[in-house]
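Remember, predicted model here, so these are calculated numbers, not experimental data. Numbers here are sequence positions counted from 1.
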Amino acid sequence: MFDVPREDLLPRPNGGRFVVGARTIDEAEWLPPHPALLRERTMERSAHPREVFAALDGWGEAIANVFETIPHDTPDDVCVLGEVDGRWVLVGGELCFPNRWVLHEKVGLPILEVHGPVPTYASQVGAGVDSLIDRLADGRIVERANWSISDAGIFFEPRTPPPVPNIDPADLFLRVERQTLRRLDDVVVFTIRTFMEPMHRFALRRRPVVDDFVAVLRETPTEVRAYKSITTYVEPLCSYLTSCSPH
């Protein structure tokens, strides 16, 4: 498994709201190498050759240009957004580590509709994300993080499985996606680097870090817990993390 390398990527309380939380980063920070994650991504690509790549008709060349431009050793998934009828649309990419969504089903949809199943996304950040993408024209690169809980530690998980009954919270995984957005010519590149940290290791992090995640779990709205498929895990996980003795 691959632990989250930076504490600032870990979940922090925000009042239970969905926030973009993007920060500007330098070119050197964009897609640093990670050989072990690259090997994992290569294995998933080989195991699921028909499922990891998709392109909207007419956008194949633009997508190919993106993959020629980015570092060839990147371990990140790469999605490409293009303007169609004045809206930013997911036009294709390569997704080897899907977190309960299917690339082929989302290609051709505007960003707001791509995130349609996410509770509170449209009302809380939908317009803000579109505005952020528009502002990338000045060359900035932005980074944010997203979190979920995995009960199997599987990187390729395009469909949401049913919760595992009576699972030991120590056997769960904290799945964190480090996401970036960058304008390249007429398209926007959305990258996703996935880390999967065993909960028994996360529980040994510094006490404030663990306490922050417990607070995040407790403030997560009911509908978001259901969307993330973590409803049955929240209370046992909070009890487990609270009882551990981190550094």
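Counting only heavy atoms from C-beta outward, the side chains of Arg50 and His104 never approach each other to under 4.5 Å. Within the 4.5 Å cutoff, side-chain heavy atoms of Glu83 are placed close to those of Trp88. No side-chain heavy atom of Val210 sits under 4.5 Å from any side-chain heavy atom of Cys244. Residues Thr220 and Val234 form no side-chain contact, since every pair of their non-hydrogen atoms from C-beta on lies 4.5 Å or further apart. With contacts defined as side-chain heavy-atom distances shorter than 4.5 Å, the pair Val4/Trp147 does not qualify. Taking the side chain as every heavy atom from C-beta outward, Asp212 and Pro13 approach each other to under 4.5 Å. You'll find the side chain of Leu103 stays beyond 4.5 Å of the side chain of Glu51, heavy atoms only.
Rounded to the nearest 0.5 Å, atoms CE (Met196) and CD (Glu177) are 9.5 Å apart. To the nearest 0.5 Å, the span separating CD on Glu157 from OG1 on Thr160 amounts to 7.5 Å. Rounding to the nearest 0.5 Å gives a distance of 9.0 Å between CG of Leu181 and CZ of Arg144. The line from CG of Asn14 to CD of Glu219 is 5.0 Å long, rounded to the nearest 0.5 Å. Atom CH2 of Trp30 is separated from atom CZ of Arg182 by 5.0 Å, given to the nearest 0.5 angstrom. Separation of atoms CG (Leu174) and OG (Ser150) is listed at 10.0 Å; rounding is to 0.5 Å.
Residue pairs meeting the side-chain hydrogen bond (donor to acceptor under 3.5 Å, both in side chains) criterion with at least one partner in residues 192-204, sequence neighbours excluded, are Asp3-Arg201, Asp76-Arg193, Glu197-Arg205.
By the side-chain hydrogen bond (donor to acceptor under 3.5 Å, both in side chains) test, Asn65 is found to be paired with no residue, residues two or more places apart in sequence or in another chain being considered.
In Asp8, the CG atom is crowded: over 12 heavy atoms of neighbouring residues, nucleotides or ligands sit closer than 6.0 Å.
Criterion: ILVMFWY side-chain heavy atoms under 4.5 Å apart, direct or through other members. Under it, Phe53 and Ile192 are part of a common hydrophobic cluster. Hydrophobic clustering of Ile, Leu, Val, Met, Phe, Trp and Tyr side chains at less than 4.5 Å, counting indirect connections, keeps Leu95 apart from Ile154. Val84 and Val80 end up in the same hydrophobic cluster when Ile, Leu, Val, Met, Phe, Trp and Tyr side chains are linked at under 4.5 Å. There is no path of hydrophobic side-chain contacts, each under 4.5 Å, that joins Leu81 to Val102. Linking ILVMFWY residues whenever their side-chain heavy atoms come closer than 4.5 Å, directly or via other members, places Phe67 and Ile141 in the same cluster.
Note on ring orientation: taking the six-membered ring where Trp is involved, the planes of Phe202 and Phe213 are perpendicular (angle over 60°, cut-offs 30° and 60°).
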Next item on the list: Go through Val164 and Asp171 one step at a time and tell me if the side-chain contact (heavy atoms from CB on, under 4.5 Å) criterion holds.
Entry: CA-CA 11 Å; Val164 178; Asp171 294 333; over 6 Å; no
Next item on the list: Please lay out, stage by stage, how Ile133 and Phe190 fare under the test side-chain contact (heavy atoms from CB on, under 4.5 Å).
Entry: CA-CA 10 Å; Ile133 292 173; Phe190 173 55; over 6 Å; no
Next item on the list: Quick one: do Ser229 and Arg100 satisfy side-chain contact (heavy atoms from CB on, under 4.5 Å)? Show the steps, please.
Entry: CA-CA 10 Å; Ser229 194; Arg100 301 175 181 182; 3.5 Å; yes
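Each of Ile111, Val91, Leu136 was scored for a side-chain contact (heavy atoms from CB on, under 4.5 Å) with Val188, with one residue passing: Leu136.
One finds no salt bridge joining Arg178 and Glu29 here, because no Lys/Arg side-chain nitrogen approaches an Asp/Glu carboxylate oxygen to under 4.0 Å.
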